[in-house]
Structures are given as structure tokens and as C-alpha cells.
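In this chain, residues are counted from 1 in sequence order. Just so it is clear, the values below take in all heavy atoms, side chains as well, and ignore hydrogens, waters and symmetry mates.
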Amino acid sequence: MPIIFVESQYPVSKNREVLAAWMKALEKYPRDDGLATPLVESAVTSDKCGLRVLSAIQTKPGKYEEAIARTAKFMTEFFDIEGFYYEVRTWMTIEEAMESIGEKAPET
């Protein structure tokens, strides 16, 4: 069950604009527990470039394509915010990674 990470970064001066876009995106695309389980709702930090937000969801079996498409649609709400950047990455679970090399993950 792949994990979808979304990391975004934006200037502190855009905080209200990003918050408004986020609220709009949540209205348009409410969480669908049938697609994925949230692992990290929103973790926030700051650095010299502004605010950074990280979210992670673990997709349900057979729902990756739908979950990644939904993530892409959600992120379109931020397209017009100057200085807003984001990256979407998909990670495998250890079981998936081991399986991809023909091995079985150790029991924990």
C-alpha cells in the first residue's frame, strides 16, 4: 500500500492566502477514508524560506491511482499563489520494497 507524501513550501507573507486555498480544497475534496488512511495530517515547520508543510497518506489496496489523482486535483487549488511550491512523492512500504526485489520482509 503505497504512501503518498506531499511537501509544500511558501513565504510566510502568503499564509492567509494558502490557508484560504486549503480550506477551499478541503471543501471541494473532503477526506475519503475509502482511498487512504492519513499517517501525517499536516506537520508544519519554518525555515528561512518560509513555512513548510508535510502530509502523508497510506493508500488502501487497489486505490493508489484514484488517491494520487485526487491528490493532484487537491493541489490545483494552490496554483495561483505566488511563491507556493509543492512536491508529491510516492514511497513504498518495506513489504512492497522487499517484494520488488523478490524477498520477504522480516517479521517484526
Side-chain angles (χ1 to χ4, degrees):
M1 297 176 291
I3 301 168
I4 299 171
F5 284 84
V6 179
E7 184 176 358
S8 58
Q9 183 171 344
Y10 53 93
V12 175
S13 62
K14 296 294 184 173
N15 189 49
R16 291 189 192 282
E17 199 174 338
V18 170
L19 181 58
W22 184 61
M23 298 299 284
K24 182 179 175 187
L26 286 174
E27 257 183 54
K28 276 177 95 170
Y29 308 101
R31 186 166 77 194
D32 183 345
D33 292 329
L35 292 180
T37 301
L39 299 176
V40 178
E41 291 278 355
S42 294
V44 182
T45 190
S46 61
D47 61 21
K48 62 185 175 190
C49 297
L51 296 171
R52 296 176 69 159
V53 180
L54 175 71
S55 300
I57 58 171
Q58 186 163 27
T59 60
K60 300 281 175 119
K63 298 293 185 173
Y64 172 76
E65 295 297 329
E66 194 175 346
I68 195 74
R70 193 168 190 285
T71 299
K73 288 177 187 174
F74 188 94
M75 297 310 295
T76 64
E77 297 299 321
F78 302 92
F79 278 7
D80 295 328
I81 301 174
E82 188 175 339
F84 184 94
Y85 302 95
Y86 74 96
E87 187 171 7
V88 177
R89 292 184 183 203
T90 301
W91 290 50
M92 290 184 265
T93 63
I94 188 65
E95 293 81 11
E96 291 164 329
M98 295 293 289
E99 184 179 303
S100 74
I101 60 169
E103 298 291 334
K104 185 175 172 136
E107 299 291 325
T108 56

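- The side-chain contact (heavy atoms from CB on, under 4.5 Å) check on K60 picks up T37, K63, with sequence neighbours excluded.
- Here CD of Q9 is found 12.0 Å from CG of L54. Values are rounded to the nearest 0.5 Å.
- Listed by chain and number, the residues in a side-chain hydrogen bond (donor to acceptor under 3.5 Å, both in side chains) with R89 are E87 (sequence neighbours excluded).
- For Y64, there are no ring pair (Phe, Tyr, Trp, His ring centres under 6.0 Å) partners, not counting sequence neighbours.
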Going through the distances and angles, do E17 and D80 end up as a side-chain contact (heavy atoms from CB on, under 4.5 Å)? CA-CA 10 Å; E17 199 174 338; D80 295 328; 5.9 Å; no

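- Residues G50 and V12 approach most closely at CA-CG2, 4.0 Å, considering heavy atoms.
- Remark: K28 pairs with E77 by the side-chain hydrogen bond (donor to acceptor under 3.5 Å, both in side chains) rule, at least two apart or across chains.
- For E103, the side-chain contact (heavy atoms from CB on, under 4.5 Å) test picks out M98, I101, with sequence neighbours left out.
- Remark: V88 pairs with I4, V6, I68, T71, Y86 by the side-chain contact (heavy atoms from CB on, under 4.5 Å) rule, at least two apart or across chains.
- Q58 contributes atom CD, which lies 5.5 Å from atom CG of L39 (distance to the nearest 0.5 angstrom).
- Shown here are the salt bridge (Lys or Arg N to Asp or Glu O under 4.0 Å) partners of D33, two or more places apart in sequence or in another chain: R31.
- Note that OG of S100 is 4.5 Å distant from CE of M92, once rounded to the nearest 0.5 Å.
- Summarising the geometry of V53 relative to S42, their closest heavy-atom pair is CG1-CB, 4.1 Å, with the distance given to 0.1 Å.
- Distance check, rounded to the nearest 0.5 Å: CD of E41 to CD1 of I57 gives 10.0 Å.
- Proximity of S46 to L51: side-chain heavy atoms (C-beta onward) are separated by under 4.5 Å at one or more points.
- Of the residues F84, W22, Y85, Y10, the one that meets the ring pair (Phe, Tyr, Trp, His ring centres under 6.0 Å) test with F78 is F84.
- Taking the side-chain contact (heavy atoms from CB on, under 4.5 Å) definition, one finds that E82 meets it with K14, sequence neighbours left out.
- Once rounded to the nearest 0.5 Å, the distance linking NZ of K104 with CD of E95 reads 10.0 Å.
- The side-chain hydrogen bond (donor to acceptor under 3.5 Å, both in side chains) test applied to E7 returns R52, not counting sequence neighbours.
- No chain of hydrophobic side-chain contacts below 4.5 Å, direct or via other Ile, Leu, Val, Met, Phe, Trp or Tyr residues, connects Y29 to V40.
- In this structure, the separation between OG1 on T76 and NZ on K73 is 9.0 Å, given to the nearest 0.5 Å.
- By the ring pair (Phe, Tyr, Trp, His ring centres under 6.0 Å) test, F5 pairs with W91, sequence neighbours left out.
- Every residue meeting the side-chain hydrogen bond (donor to acceptor under 3.5 Å, both in side chains) condition with E96, not counting sequence neighbours, appears here in chain and number order: T93.
- No chain of hydrophobic side-chain contacts below 4.5 Å, direct or via other Ile, Leu, Val, Met, Phe, Trp or Tyr residues, connects F74 to I3.
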